[in-house]
Amino acid sequence: FICGEDMLTHMPSWPLIERLLEEMTLVVGRRAKNSNAESLLAQLPCKHTPIIIDTHNQSISSTAIRTALTKQKEPNGLLKTTESYIKKHW
């Protein structure tokens with residue numbers, strides 16, 4: 001399961017989070033070097049060792065992308081391949 005670091009604060013309140021984390025490995029995109037991803041992950045009941053990746057463009061937000069697309073505007077900062085995929089499938 002892939003998510004951004006900002007979602008870690010909400011995960012403890014998700015319904016069935018234990019089941020999700022039992023069945024899947026959590027992959028977290030870290031936005032900043034001085035993040036607290038490790039301490040947030042320590043609070044979750046992860047069965048598999050989580051993977052933390054450093055994102056290459058820390059200003060991209062999935063919320064901002066969805067908002068731009070909903071308003072039929074071009075999202076900023078996307079890779080061309082990602083932009084093409086969104087245009088084709090969303």
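Numbering starts at 1 and runs along the sequence shown. Note that this is a predicted model, so its numbers are computed, not measured.
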### Task
If you link ILVMFWY side chains whenever their heavy atoms are less than 4.5 Å apart, which other residues fall into the same cluster as M11? By chain and number, please.
F1, M7, L8, W14, I17, L20, L21, M24, L26, V28, L40, L41, L44, I52
Where at least one partner belongs to [range], residue pairs that pass salt bridge (charged side-chain N to carboxylate O under 4.0 Å, His left out), sequence neighbours excluded:
{"range": "residues 1-17", "result": "none"}
{"range": "residues 38-52", "result": "R30-E38"}
{"range": "residues 60-81", "result": "E74-K87, K80-E83"}

### Query
For H89, which residues count as a ring-ring contact (aromatic ring centres under 6.0 Å, His included) partner, sequence neighbours excluded?
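Listed in chain order: Y85.
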### Query
In chain order, what residues pass the side-chain contact (heavy atoms from CB on, under 4.5 Å) check against I2, with sequence neighbours excluded?
V27
### Message
According to side chain to side chain donor-acceptor pair (under 3.5 Å), does anything in residues 18-27 pair up with another residue at least two apart or in another chain? List the pairs.
### Response
R19-E23
### Query
Residues in side chain to side chain donor-acceptor pair (under 3.5 Å) with Q43, at least two apart?
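Per chain and number, Q43 pairs via side chain to side chain donor-acceptor pair (under 3.5 Å) with no residue.
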### Query
To the nearest 0.5 Å, what is the distance between OG (S35) and CG (D54)?
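Between S35 OG and D54 CG, I get 7.5 Å after rounding to 0.5 Å.
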